[in-house]
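First the structure, in the form of structure tokens, and then the observations on it.
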Amino acid sequence: MAYKPRTAPEDLKVLRILNNRLALTAEQHKYYLYKEKGFEGEVRFDLLTEQLQSDCLILNDLYLEVNNTSFQLDSSIIFQHIFYFFEIKNLEGDYCYREERFETNFGKIIKNPLDQIKRSSSLLLQLFQKLGFSQSIEAYVVFVNPEFFLYQAPMDKPIIYPPQLKALMKKLDNTPSKLTNRHKQMADKLISLHQVQSPYSNAKIPTYEYNQIRKDITCSVCHSFSCSIARGNVICVDCGHVESVESAVLRCVEEIRILFPNMRITTNVVFEWCGIIDSKKVVRRILKKNFKSIGERNLRYFE
Ligand SMILES: [Zn+2]
């Protein structure tokens, strides 16, 4: 199990809800799929590192800063003497490596992930020096998608191709390592320096207002709006999934919090969001049970 598990990035959480509840433009939808795919690739890599048996600490997704410059490490693993980090790419299809550049089949140049790890390595080294860590750093670009193919792939670059993932895990598992408290302190320090990126710092997130957002409970599995209520459960007409009303209401509260972090959670707001629940009392009871209630009657809200 990862010492720092991965959660979906905040901007992706916003995009997921907007994709369901707002009519995104083709461009915005494309960006949403791109983010979703990137996250999917990272999770795919986590499934492999999770199985490591060697004495190591896995830190997923670190967003760090040194000398006012930020950098992101998709996946890091602390061993006794080495600090590995991986830039994970979920590209699929055919690419070509030409004159130190990654190109698509159509000649479109993509951001060079080798430059990214070079930059991150140098910044990480600065951070380590500042913190007094003596760990040596080793970085790789990892292509996790089995449908990815690189023509003229260079042999002398720190790149892991999909068929080499197994060998990479073997290598990591065979890395001699005995961690001490010092390594744990190092991991804790890095986690404490991790910055959660606000979704609003991402200019590609569409702007939206409360009134534009489509309300109603959606199915937690297939995201369909075709849900009905029977005996305390929300039932999806499309996929048949059954969920308790309480759990569905709590999901709605979570959605409101993600999209409108400054909005007060009141019975009225949640009742309107849930849509198909016909009793405000039911909503109020669930909110009272799960949150701290502040204020009385019309002024009451929940935290
Ligand atoms: Zn469903």
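The analysis underlying the following values was restricted to heavy atoms, covering all of them including side chains, and did not include hydrogens, waters or symmetry mates. Read the numbers this way: they start at 1 and go in the same order the structure lists the ligands and their atoms. Bear in mind the structure is a predicted one, so any value in this text is a computation, not a measurement.
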message = Under a 4.0 Å threshold between the charged nitrogen and the carboxylate oxygen, would Asp115 count as salt-bridged to Arg119?
response = no

inquiry  = With rounding to the nearest 0.5 angstrom, report the CD1 to CG distance, Ile159 to Leu114.
reply    = 4.5 Å

SB check Glu87 Lys111 (cutoff 4.0 Å) = no

ask   = How close do Leu64 and Leu190 get, heavy atom to heavy atom, and via which atoms?
value = CD2-O, 3.7 Å

key: salt bridge (Lys or Arg N to Asp or Glu O under 4.0 Å) pairs, two or more places apart, involving residues 3-30   = Arg6-Glu42, Arg6-Asp46, Glu10-Lys13, Asp11-Lys35, Arg16-Glu36, Arg21-Glu255

inquiry  = Distance alone, cut at 3.5 Å: any donor-acceptor contact between the side chains of Asn105 and Tyr151?
reply    = no

Proximal protein heteroatoms (N, O or S) of the Zn ion (ligand 1), under 2.8 Å = Cys219 SG, Cys222 SG, Cys236 SG, Cys239 SG

